[in-house]
Amino acid sequence: MIHRLYCYKDLLLVFIWREFLIRYKQTAIGVIWAVLQPVSLMLLFTFIFGAVLQTTQKNYPYVLFFYAGVLPWTFFSGATNFAVTSLSGNFNLVTKIYFPREIIPLSGVAINFLDYLIGLAVYFLLLLVYRVPLTWNFFWLLPLLIMLVLYATSVSLLLAALNVYYRDVKLASTFLLQFLFFATPVIYSIDAVDNRWKMLLFLNPLTFIVENMRRVTIEGRGIILWQIAAEMLGVIVLYLVIYQIFTRIERAFADVI
Amino acid sequence: MSSEQVISFRNVWKKYSKQQVLNNSLREELVSVITGKKCREELADGEFWALSDVNISVMKGQCIGLSGHNGSGKSTILKLISNVTYPTKGIISIKGRVAPLIELGAGMHPDLTGLENIYMNGTILGLSIRELKRRIPEIVAFSELDEFIDVPVKKYSSGMYLRLAFSIAVHSPADIFLFDEVLTVGDESFQSKCLERIATISADNGTILVVSHDRMVLSRICDGILKLEHGAIKSSEGL
C-alpha cells in the first residue's frame, strides 16, 4: 500500500487539504467544530447519566469517563460516514481519471484524525484539570491509536467499495453505526457487563480500544500483553484482507458505479 | 515524429451492461479474487460490446482524431488509454504519462477558489505540488483569469470555468493528451489559442488523441482520423 500510494502522495495531501478547506469554508467558527461535537456529546451524557438517571459507572468524574469514550467513537463514526459515499459521490472523478481509489476514503480517515488530535489535546487539558496523575502507562495510547486508525481505515475501505455496487450500504450503515455505538462501551463500562456478553462485545475491536484508552490514561494501569497482541493481530489481518479485496475490485469501479 | 509506438491496442474487446444494477458483478469480482479466473467472455442478458476487436497503433508525436456517432466507442477508447477501465479481452500497452482531459474540470469543487482548484486538478492529472507551484503563473496567464483567481469557482461563468480547466490540463507535463469534445471552449479567440496550444504540444513530440464531431477541426489539426461505428473501426485516414 505504501509503495502504491507513494507516487500519489501529493494527490493524497491535496485531497486532505481540500476536504479540510471545504469543511470549514463559509463556517463562522471553523475548526472549533472539531472540539464542539465531542464536548457537547460528553456534556449531554454527563447530564443524562449523572443528573437525570443518577447512575454510577466508575469512581472517577463523569466528564472524563464520557469524554474518553466519545472521542474515539466520534473519530470512527466520522471517518466511516465520510467513506461510505466517498467513492460513489465522486463518480465524476472515478469514471474519468485513474488514481488509486483508496485515496478518497483515506483522506476522510486523515481529516477525521486531525479533528481527533485536536479533541485529544482537550482531553489532556481535562486530565490536568481533574489532577489525574501522569504515568508511563500513557504510552500505551500509541498502539491503541494505531489500532483505532487501522480499524477505521479497514471499515472505511470496505464500506466505500461496497457502496459503489449497492447503495443499500449507505442506508444500512446509518443504523449499523447506531448499533455499533451501543456495542461499544462509550456510555457504559465493560466491567458492568455480565461475563457471558463480555466475550461477544470484545469481538468489536472498538470495545477493546475504548475500554483500554480509559484504563491507561484515567486509571493509569497497563494493558495485559496477550490481550493487546491478540486484538492487534485481529485488526491487522482484517486490514490486510480488506485491502487485498479492495485493490482487486477497484478496477471495475468505473464500470459499475 | 519518431517511430516509437506509444499506444497499442491489440484485438481489444470491451463489454458493458445496459442494466443499472449489476447484480452479478460484485459476486463475479469476488469469485475472481479467490479463484484468479478472468471474467466471462460471452455476453449475458443486457450486455453488449462497446468495442469489438479494435486494433490501434499510435506513434509518438502523432495527433489522432476520433470521430463517430454517439455511442460508437470513442470515449471508451479514451477511458481504456487512461486506465480508468480495463478491457474484457485483448492487450493494451501505453508508454508514458497520460493526461486525460476527458471531461474538463472533473476534479473542480465549486466552493474552492480558482487557485485552490488548480492544485486540486493539477495533482489529479499527476503533477506534483512542487511542479504546480512553478507552473501556476503560466497556467493563470493562459486562462486569462488573473483578477478572478481568488474567487470561488461557483461564481465563475461556464466559459471561465472551462478556460481554467483547459489551462490546467494543457500545462501538465504528460506524454499523451486525451481531449474529449473539449475544443469548443470559450469564445473564438480562446478557441484559436487552444488549437495553437495543441499544435505546440504536437511540435514538442507530445502524442494527442482528440474526440470531436467537428470534421473541419479534426482535419485541420490531426495527422490521421479514425472513424468508429458500433464499437469497431470503420475507416482510418492518414494512418
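The CG atom of A:L21 sits 10.5 Å away from the CE atom of B:M120 when rounded to the nearest 0.5 Å. We find the CD1-CH2 distance between B:I129 and A:W17 to be 8.5 Å, quoted to the nearest 0.5 Å. Rounded to the nearest 0.5 angstrom, B:L125 CG and A:L11 CG are separated by 10.0 Å. From A:K9, atom NZ reaches atom OG of B:S128 across 7.5 Å, with rounding to the nearest 0.5 Å.
In the displayed structure, A:F181 atom CZ is contacted under 6.0 Å by more than 12 heavy atoms of other residues, nucleotides or ligands. At most 12 heavy atoms of other shown residues, nucleotides or ligands fall within 6.0 angstrom of atom NZ in B:K133. The neighbour count for A:K198 NZ, taken as heavy atoms of other residues, nucleotides or ligands under 6.0 Å away, is above 12. In the displayed structure, B:R97 atom CZ is contacted under 6.0 Å by more than 12 heavy atoms of other residues, nucleotides or ligands. Residue B:H69 qualifies as open at atom NE2: its count of foreign heavy atoms under 6.0 Å is 12 or below.
Contact annotation for B:T113: both backbone and side-chain heavy atoms come within less than 4.5 Å of a heavy atom of chain A.
Heavy atoms only, all atoms of each residue included: A:V94 and B:V84 are closest at O-CG1, 3.5 Å.
Here B:K79 does not pair with A:D255 in a salt bridge; the nearest charged N to carboxylate O distance is not below 4.0 Å.
Residue A:R18 is tested with B:T123, B:L112, B:N117 for a side-chain contact (heavy atoms from CB on, under 4.5 Å); the sole match is B:L112.
Checking side-chain atoms of B:N83 against main-chain N and O of A:Y98 turns up no donor-acceptor pair under 3.5 Å.
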